[in-house]
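Convention: sequence-line order gives letters A, B, ...; per-chain numbering from 1. Please read all numbers here as calculations on a predicted model, not as lab measurements.
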Amino acid sequence: MQGYNHHEIEKKWQDMWEHERAHETPDHHPSKENKFILTEFCYPSGNLHVGHWYAFGVTDIYARYQHMRGYNVLFPVGFDSFGLPAENAAIKNGGDPRTWTYANIEKMRGQLRSIGARFDWSREIITSDPEYYRWTQWMFAEFFKKGIAYRGSAMVNWDPVDKTVIANEQVLPDGTSERSGALVERKEMSQWMLRITDYADQLDDDLESLDWPEDIKASQRAWIGRSKGAEIDFIVTAASGVHPITIFTTRPDTLYGVTYVVLAPEHPLVETLLEHVTNNQEVRAYQESVRSRSDLERQQSKEKTGVPLVGIYAQNPINGIQIPVWIADYVLPDYGTGAVMAVPAHDERDFAFAQKYELSIQMVIDSPIEAVPYTEHGTLIHSDEFSGMHSQEAQDAMVAKAGGKRTTTYRIRDWGMSRQRYWGCPIPIVYDPEGVPHAIPAEHLPWTLPDDVDHTPDGTAPLARSRELHERTERIFGAGWTPEVETMDTFVDSSWYFYRYLDAHNQETFCASDAMHAWMPADMYMGGAEHTTMHVLYSRFFNKALHALGHVPHPEPYTVRRNRGLILGTDGNKMSKSKGNVIDPDEQVHYVGADSVRMYLAFLGPFGVTHNYPWDTNGLVGMRRFIEKVWRLSEKIQPSDNLAPLVHTTIRDITHDMERFKFNTALSKMMILVNAAEKEGGIARHHFEILVQLLAPFAPHAAEELWRGLLDHDSSVHNEAWPLYDETLMATEEYMLPVQINGKVRAQITVPTTITEEEVLALARQHETLAQWTDGKDIKKVIFVQGKILNIVI
RNA sequence: GCCGAGAUGGUGGAAUAGGUAGACACGAGGGACUUAAAAUCCCUUGCUAGCAAUGGCGUGCGGGUUCGAUUCCCGCUCUCGGCACCA
């Protein structure tokens, strides 16, 4: 046998697997249970980076392991291929986004093949293919018909660099765009929205049932921001009539402590009340000053400002007291009702405001620590018949007495999903001559993206400039009809892609019911932490909306989700061209081979946790050395060895590790086995075969070469059953027992596995080192845990 | 500020139904082989005292429970992630 030549071996087996169609996965297998292992698909940037290797290569270890465990494993791959980078590249280099995108896909297919993953390429999907986006459009049309998609006017986030609207989820905490990095502007605009808020309760409630890490659940809950409270009307009686101010509060138990009411400066009622106030000018000036401040300024300065509506009083419905009405910038126009009841004694913001403007403060919760404001729940005081009750028990009755109602509000806003750009899925809507939108009927889908467009962004939708699109619209729908010219956010494309993997070539429907029942929900979804409040939330919403309309059978798309971390540069910083610390995986693969790169990434640390690991080229070389060690061991196959106990405990331990994504410790246990075999001077064939099987998910090419080449098997190691351990072969006759004196290890003694407490104590007394400690002392207590520890307390 | 996750050698990390802290790997030091280098093999490698045998200390910090705590409990510090004038 030749030495380990990764170039030859990896090419040979990749070709062979393709030739054998080894990775094509049927929807149903006569004897195997299905397992759908999903990892986020990639954007065709034109270059596979180390992060892709981590995402696909290490997840493939798990997929291959499950395949050997006897599951019918689907591990698909595809491209999320609409999006701005294609347009930007086309603008920069000439050409058009489609050509750029498909050339990149072609290149990346080759790079993805070099990973040696068991991708089922027969199910490949590309979201910019008309055969794919036809179904994205079909879903949108369904949503439109059922009112889940609607045209609405809202405050939107405008990205001045990409010249398009982006969703709330796509604005980073510092107010910049997730894609372009530009400072986002807010403007009022009409656009297409998806009613994710209708599903806010379900999206929150159903988190409970999912096997997801707590941090992902917590982030989604915070993003949804469900808050249970009550809406209560405070009545303003003016010459023009009676004007209720509806406030939202989570603390109706503090109603007796309300000393003023605050409206957001933008609140529509302010306009109505303005004619009755005596400081008209001041109010208008304040509104103007608030309007001119950017969101960022409003966020940064926590100094609260406001002006009173002089002459206006609102009546507290619980006790009939008339209180002043203010407008202030600390009340947000688009949360709750845009109006609050202020309880300075029990709310920090109201307290700060009341202090600044010398408004009265009324304690209504008994504070055990004499703190003002005291914001905890507690016993009510100065609250008529409610005094003496606890906050929680009083709330319902107080809401009832005040004539309010229990409500829930949410932080999450509807998903603004139309984009004023070219390279995206056309929104399947046409407008009749009166301007009323209609969904394009299914027989006209896919509603293709026109080619005759100058896609340079200027802030208006490029599709408006397509003659072909307008002619097509009039030809099909009649004179005077016009097409929708906005395209969809690419997060729409990726919100349902996993269904298409299951039935990638179906011409009748996006996915046949049988395929959905066969595979969904996905058994594992591996992805990046940055998608927690974007893709993961959107796709759950899509699934729920489709479920509500009867199009998919399950309420959740994936029951197990794990986020992985990032691979950092060797300097510990995030890889970036500007820092010059980018590792090119192609180069690494050329140098040490795909198997070494896969194993190195698996060995860095536990997978499926959000933890970042710096790249270490020396560590990679160490992995290559391990494969070579296995290679050398293959030349020392001998008739028998003494490795049975170790081999079988290794199988047991590695199997346990694989189930928990602890590929790092699984590998270390293989190394221990190989080191032991080396020390032994060789290894028996049947043990070496087990080693190759354990190695197969990690180093699929090398293991295949050893299995089919050296060990001369007819079929692939990847179709072998995962090895089982035999307890009877694990047993040893004696073991090393650590002996503690007063809880500190002082010696180790070799004892038979069947030893009793008296026998072990007798052995310990004879032991030289231990005798130093025990001689002449009373033994107060002896703790003996068979197989673990002997502790002598003196 | 609130919510979530975490903190272990020079580095990545290992060990949690409480039972030898530092597996495995990298790096470092020493040695063998070699004309030399690479590759490979052997030894050492938490800190500290000692020639050694052996001892003291040690898992972010301070307490507690226990024969025994990286693991459990209480109180802090710091790091990362999310939310944040959300009523």
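If you check every strand for non-hydrogen atoms under 4.0 Å, A/Arg632 touches sugar and phosphate atoms only. Residue contacts shown for A/Phe248 include a base, since a base heavy atom lies under 4.0 Å away. The residue A/Gly622 sits close only to the backbone: its heavy atoms come under 4.0 Å of sugar-phosphate atoms, none of a base. As judged by a 4.0 angstrom heavy-atom cut-off over every strand, A/Glu348 is placed among residues making no nucleic acid contact. A/Ile783 comes within contact range of at least one nucleobase, with a heavy-atom separation under 4.0 Å. A/Glu231 comes within 4.0 angstrom of nothing in the nucleic acid, heavy atoms only. At the heavy-atom level, A/Pro213 lies nowhere under 4.0 Å from the strands shown. Residue A/Lys662 is classed as a sugar-phosphate contact, given heavy-atom separations below 4.0 Å to backbone atoms only.
Of the candidates B/G82, B/C67, B/C85, the closest approach to any side-chain atom of A/Ala222 belongs to B/G82. Here the side chain of A/Glu214 is nearest to one of B/G27, B/A87, B/G4, namely B/G4. When distances are taken from the side chain of A/Ile672 to each of B/C57, B/C24, B/U20, the shortest belongs to B/C24. Here the side chain of A/Ser668 is nearest to one of B/A87, B/C41, B/A23, namely B/A23. Candidate nucleotides B/C26, B/C85, B/A87 were compared by shortest atom distance to the side chain of A/Asp616, and B/C26 ranks first. Set against B/G56, B/U20, B/A87, the side chain of A/Thr250 has B/A87 as its closest nucleotide. In the set B/G4, B/G12, B/A87, the nucleotide with an atom closest to the side chain of A/Val331 is B/A87. In this structure, the nucleotide among B/A87, B/U20, B/C26 sitting nearest to the side chain of A/Val745 is B/U20.
Atom P of nucleotide B/C80 and atom CG of A/Asn563 are separated by 19 Å, given to the nearest angstrom. Across the protein-nucleic acid pair, A/Glu530 atom CD and B/C83 atom P stand 13 Å apart, rounded to whole Å. The CD1-C1' distance, from A/Ile224 to B/C83, rounds to 13 Å in whole Å. Straight-line distance from the CD1 atom of A/Ile749 to the P atom of B/G19: 20 Å, rounded to whole Å.
One finds no salt bridge joining A/Asp329 and A/Lys304 here, because no Lys/Arg side-chain nitrogen approaches an Asp/Glu carboxylate oxygen to under 4.0 Å. Between A/Glu40 and A/Arg561, at least one side-chain nitrogen of the basic residue sits less than 4.0 Å from a carboxylate oxygen of the acidic one, meeting the salt-bridge criterion.
Both A/Arg413 and A/Ala218 lie close to RNA chain B; mapped to their nearest nucleotides by heavy-atom distance, the more 5′-ward contact belongs to A/Ala218. RNA chain B is contacted by both A/Thr337 and A/Gly743; A/Gly743 maps to the nucleotide lying nearer its 5′ end (nearest heavy atom per residue).
At a cut-off of 3.5 angstrom, counting only N and O atoms as typed in the model, there is no donor on one side facing an acceptor on the other between the side-chain of A/Lys781 and the base of B/C67. Judged by atom type and distance alone, A/Asn791 reaches the base of B/C67 through a side-chain donor-acceptor pair under 3.5 Å. You'll find a donor-acceptor pair under 3.5 Å spanning the side chain of A/Gln740 and the base of B/G19, going by distance alone.
Ring geometry, A/Phe663 versus A/Phe661: the interplanar angle exceeds 60°, so the pair is classed perpendicular (tilted spans 30 to 60°).
Across all strands shown, B/A15 forms no Watson-Crick or G-U wobble pair with both distances under 3.5 Å. Nucleotide B/G55: paired with B/U48 (Watson-Crick or G-U wobble, both distances less than 3.5 Å). A 3.5 Å limit on both hydrogen-bonding distances identifies no Watson-Crick or G-U partner for B/C33. Nucleotide B/C83 has B/G1 as its partner under the Watson-Crick or G-U criteria, with both atom distances under 3.5 Å. Searching all strands for a Watson-Crick or G-U wobble partner of B/A7 with both distances below 3.5 Å returns B/U77. Using Watson-Crick or G-U wobble geometry with both donor-acceptor distances under 3.5 Å, B/A39 finds no partner in any strand shown. With both pairing distances under 3.5 Å, B/G22 is matched to nothing as a Watson-Crick or G-U wobble pair.
One finds a side-chain N or O of A/Asn618 lying less than 4.0 angstrom from the OP1 or OP2 phosphate oxygen of B/G27. Residue A/Arg625 has a polar side-chain atom (N or O) positioned under 4.0 Å from OP1 or OP2 of B/C26. Between A/Tyr330 and B/A87 there is no side-chain polar atom (N or O) within less than 4.0 angstrom of OP1 or OP2. The side chain of A/Ser227 places an N or O atom within less than 4.0 Å of a non-bridging phosphate oxygen (OP1 or OP2) of B/A87. Checking the phosphate oxygens (OP1, OP2) of B/G12, no side-chain nitrogen or oxygen of A/His611 falls inside 4.0 Å. A close approach under 4.0 Å does occur between a side-chain nitrogen or oxygen of A/Asn664 and OP1 or OP2 of B/A14. The side chain of A/Asn675 places an N or O atom within less than 4.0 Å of a non-bridging phosphate oxygen (OP1 or OP2) of B/A25. Distances shown here put every side-chain N or O of A/Lys744 at or beyond 4.0 Å from the OP1 or OP2 atom of B/A21.
Separation of the C1' atoms belonging to B/U77 and B/G62 is 10 Å when rounded to the nearest angstrom. B/G12 and B/A84 are spaced 35 Å apart, taking the C1' atom of each and rounding to whole Å. If you take atom C1' in B/G13 and the same atom in B/A23, they sit 10 Å apart, rounded to whole Å. Nucleotides B/C80 and B/U71, compared at atom C1', are 22 Å apart to the nearest Å. B/U34 and B/G50 are spaced 39 Å apart, taking the P atom of each and rounding to whole Å. The gap from the P atom of B/C2 to that of B/G75 amounts to 14 Å, rounded to the nearest Å.
Aromatic ring centres of A/Tyr54 and A/Phe607 lie closer together than 6.0 Å. With ring centers used as reference points, A/Phe491 lies 6.0 Å or more from A/Trp415.
A/Asp206 is not listed as a side-chain neighbour of A/Leu203, based on a closest heavy-atom distance of 4.5 Å or more.
A cation-pi geometry, defined here as NZ or CZ lying under 6.0 Å from the six-membered ring centre and within 45° of its normal, holds between A/Arg411 and A/Trp223.
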Does A/Ile683 form a side chain to side chain contact (heavy atoms under 4.5 Å, CB included) with A/Lys636? I'd like the steps, not just the answer. CA-CA 6 Å; A/Ile683 187 168; A/Lys636 295 187 212 154; 5.8 Å; no
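For A/Asp350 and A/Tyr330, the side-chain atoms include at least one donor-acceptor pair closer than 3.5 Å.
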